[in-house]
Amino acid sequence: MTKIITSFPIDKQLQLSISFSAAEDKLLLSGVRYCQNERESINSEPNHDSFIQKIKNELECYLSDASFQFSLPCNFQLGTLFQQKVWQALTEIPSGEVKTYGALAKELDTSARAVGNACRRNLFPVIIPCHRVVSASGVGGYAGDTLDVQKGDINFLRIKQWLLAHEAALYEKRKG
DNA sequence: ACTATTCCGGTAA
DNA sequence: TTACCGGAATAGT
């Protein structure tokens, strides 16, 4: 497995850690997570260089133009069948638009709660735009955090709002 | 027994 | 009339 660290322009601290590995003779993303003050690991193999460039390039594209569509391959097999179905649906929400958990649930013939669950388990934040799903009454959650509860030292909700603002997405905010 | 939800009824201003 | 709780319903892990 190879892991790369890139900065993420919300503040100086925030970074994105992206890992990938070979699966069935191809390189696939195996995870994306937010972190702070981590150093890039040096264990990357030379034949991974072009893939690393592709990752960094697509991220730069998205950051300079929010309508850019990622084409990075993600290993969906790391999720359950249901999660794969939800994640696939997430990729079909265009930049600049949002959907509520309830609306997405209706499309997939399941429940809002279950959709929220699958979003929380999204292994590829930013690349798979789970931030484009909001609650009927406000912004909803992100990475396990909600408006009421922040679990760790990273303010994930702020990140979600930053992403939505970057994409110029509007959502009903009746509470926060 | 947990959730990154939602809907509806009751109550008070 | 609107606004704010409280609780039940809900589906997947």
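Owing to the predicted nature of the structure, the values given are computational and were not obtained by experimental measurement. Order of the sequence lines sets the chain letters (A, B, ...), proteins ahead of strands, with each chain counted from 1.
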Inset, instruction - Under the side chain to side chain contact (heavy atoms under 4.5 Å, CB included) rule, collect the residues that match up with A/A143, sequence neighbours excluded. - result: A/F156
Legend entry - Touch class at under 4.0 angstrom, heavy-atom based, for A/A143 against every strand present: base
Inset, instruction - To the nearest Å, give me how far apart CG (A/L147) and C1' (B/dT3) are. - result: 16 Å
Inset, instruction - Please list, chain by chain and in numerical order, all residues satisfying salt bridge (charged side-chain N to carboxylate O under 4.0 Å, His left out) with A/E97, sequence neighbours excluded. - result: none
Inset, instruction - For A/L90 and A/C119, work out which heavy atoms get closest and say how close. - result: CD2-SG, 4.3 Å
Legend entry - Residue from A/I127, A/I4, A/I5, A/V126 passing side chain to side chain contact (heavy atoms under 4.5 Å, CB included) with A/L16: A/V126
Inset, instruction - Between protein and nucleotides 8-13 of chain C, map the contacts as a letter string: B base, S sugar-phosphate only, - none, heavy atoms under 4.0 Å, written 5' to 3'. - result: -B-BBS
Legend entry - Nucleotide pairing, DNA chain B (Watson-Crick or G-U, distances under 3.5 Å), in dot-bracket with [ ] and |: |||.|||||||||
Legend entry - Residues in salt bridge (charged side-chain N to carboxylate O under 4.0 Å, His left out) contact with A/K56, at least two apart in sequence or another chain: A/E40
Inset, instruction - Sugar-phosphate atoms are those with a prime plus P, OP1 and OP2; base atoms are the rest. Using that split, label each nucleotide of nucleotides 8-13 of chain B B, S or - for protein heavy atoms under 4.0 Å, 5' to 3'. - result: ------
Legend entry - side chain to side chain contact (heavy atoms under 4.5 Å, CB included) partners of A/S19, counting only residues at least two apart: A/M1, A/K3, A/S30
Legend entry - Results of salt bridge (charged side-chain N to carboxylate O under 4.0 Å, His left out) for A/E60 - residues two or more places apart only: none
Inset, instruction - Give the rounded distance in Å between these two atoms: NZ of A/K151 and P of B/dC2. - result: 13 Å
Legend entry - Check: A/R33 side chain, A/S17 main-chain N or O, donor-acceptor pair, under 3.5 Å: no
Inset, instruction - Scan for ring pair (Phe, Tyr, Trp, His ring centres under 6.0 Å) pairs involving residues 103-150 of chain A, sequence neighbours excluded, and state none if there are none. - result: none
Legend entry - Length of the OH-P vector between A/Y171 and B/dT6, whole Å: 14 Å
Legend entry - Donor on one side chain, acceptor on other, A/E92 and A/Q88, under 3.5 Å: yes
Inset, instruction - Would you jot down, in residue-number order, the residues of residues 92-104 of chain A having a non-hydrogen atom under 4.0 Å from DNA chain C? - result: none
Legend entry - A/D65 and A/S67: side chain donor to acceptor below 3.5 Å: yes
Legend entry - Residues forming a ring-ring contact (aromatic ring centres under 6.0 Å, His included) with A/Y62, sequence neighbours excluded: A/F70, A/H166
Legend entry - Qualifying ring pair (Phe, Tyr, Trp, His ring centres under 6.0 Å) pairs with a residue from residues 73-98 of chain A, counting only residues at least two apart or across chains: A/F76-A/W87
